[in-house]
Amino acid sequence: MRIAVCDDCSEDALSLKGSLRGQDVQVYFSAKGLLTDLSDRDLHFDLFLLDIYIDDSMNGIELAKNLREMDEEAVICFVSISDAFYREAFDLYAVQYLLKPVQKDSLRKLLDKVSENMARYREQSLSFKWRGQSGSIPYRKILYISSMEHTISIYCTDGVVQKCKGKLSELELRLRGDIFLRCHQSFLVNIYQVDILNGNALIISGQRVPISRKYFAEVKRRYQEILFEEVD
């Protein structure tokens, strides 16, 4: 796993790197240095561990916003001496928020979670055909899928809505059931993209996807499972 650690305190940064023995870790002592490497050298990291109180032109929260603009799927974890920025971290979809000094057990759980997510989506994609053209969409980029009169619409994280012909029931059999869940006669959702279960609907990237009575119990059970996965 490739990990970027950004902390202006060299003692904390190097200590964290030492705890990540066995991983490919690059340490940065400034937000500017990290952003420059990402833009100029086209580097990719599987996980960003960001200190919030960086003595630089921007703090960790501002750095995370920049990372989100460069890569909306960047996996970010904040490391701080205080939980004062927990709300901001949540809004930026941080995978975790660790308090200093970072406990090895907490770090191990974080790496396990990120590794599981990487394995879950690795090399998995949905192929489609539409008007003589064909292609594929990685699972991780799919928010939800809807169907109307044998036309399937695949809603993606980048705002694209890809059309294809077919039946939702047949498509459901092609997809991994632990990732995609039937919530309605006309909808399949990527359960890992769900933000909120709100009454008889799921909120996904600001969009409301209905849940029918037939599927509600299973949707609620699976959604709660995902919440516990996030806590663990």
Side-chain angles (χ1 to χ4, degrees), residues 68 72-76 86-97 109-110 112-131 133-232:
R68 275 277 172 264
E72 63 181 15
E73 296 169 5
V75 182
I76 297 169
Y86 188 85
R87 178 69 233 185
E88 288 88 342
F90 180 82
D91 290 341
L92 284 163
Y93 300 105
V95 67
Q96 202 158 325
Y97 192 114
K109 288 182 179 179
L110 169 64
D112 287 346
K113 180 190 295 185
V114 175
S115 295
E116 287 171 6
N117 287 339
M118 290 170 62
R120 180 181 296 121
Y121 288 116
R122 186 178 294 121
E123 301 301 328
Q124 296 185 99
S125 61
L126 172 61
S127 58
F128 65 87
K129 291 183 179 180
W130 178 247
R131 294 179 177 174
Q133 296 184 337
S134 61
S136 64
I137 305 172
Y139 281 5
R140 58 188 170 80
K141 291 190 175 182
I142 300 175
L143 296 172
Y144 65 93
I145 303 168
S146 70
S147 175
M148 180 179 293
E149 298 179 351
H150 300 296
T151 297
I152 291 173
S153 299
I154 306 167
Y155 292 79
C156 304
T157 56
D158 58 5
V160 171
V161 180
Q162 176 61 54
K163 305 283 187 179
C164 62
K165 287 292 184 181
K167 296 181 180 179
L168 198 63
S169 58
E170 294 176 354
L171 181 61
E172 183 179 6
L173 295 175
R174 293 168 48 197
L175 296 168
R176 276 188 54 174
D178 59 333
I179 297 176
F180 291 92
L181 187 67
R182 190 72 169 260
C183 65
H184 187 278
Q185 181 179 351
S186 302
F187 290 92
L188 281 166
V189 298
N190 183 338
I191 194 65
Y192 289 92
Q193 296 285 5
V194 172
D195 298 319
I196 303 171
L197 171 60
N198 184 10
N200 63 347
L202 295 166
I203 308 303
I204 306 176
S205 192
Q207 302 176 62
R208 183 182 176 88
V209 179
I211 309 171
S212 64
R213 184 178 301 177
K214 176 181 179 180
Y215 298 102
F216 185 82
E218 176 61 16
V219 170
K220 183 178 180 181
R221 183 194 68 79
R222 187 72 181 105
Y223 175 71
Q224 290 176 337
E225 279 185 353
I226 298 302
L227 288 182
F228 282 118
E229 284 183 23
E230 295 297 324
V231 171
D232 292 341

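Quick note: residue numbers are just sequence positions, from 1.
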Enclosure of I196 CD1 (heavy-atom neighbours >12, cutoff 6.0 Å): no
Y139 ring center near F180 ring center (under 6.0 Å): yes
Please check: side-chain N/O of [X] versus main-chain N/O of [Y], any donor-acceptor pairing under 3.5 Å?
X    : Y    : value
R222 : D178 : yes
R131 : K163 : no
D195 : S205 : yes

From CA spacing to verdict: side-chain contact (heavy atoms from CB on, under 4.5 Å), I142, Q193: CA-CA 8 Å; I142 300 175; Q193 296 285 5; over 6 Å; no
For F187, ring pair (Phe, Tyr, Trp, His ring centres under 6.0 Å) partners two or more places apart: H184
Shortest non-hydrogen contact from Q185 toward L168: O-CD2, 3.6 Å
Exercise: identify the closest heavy-atom pair between F216 and G199: CE1-O, 3.2 Å
Between OG on residue S125 and CZ on residue R140, distance to nearest 0.5 Å: 10.0 Å
V160 and I137, any side-chain heavy atoms less than 4.5 Å apart: no
Residue pair R174 / S127, side-chain heavy-atom distance below 4.5 Å: yes
Ionic contact status for E225 with R221, cut-off 4.0 Å: yes
Polar side chain donor-acceptor pair, R208 to N200, under 3.5 angstrom: yes
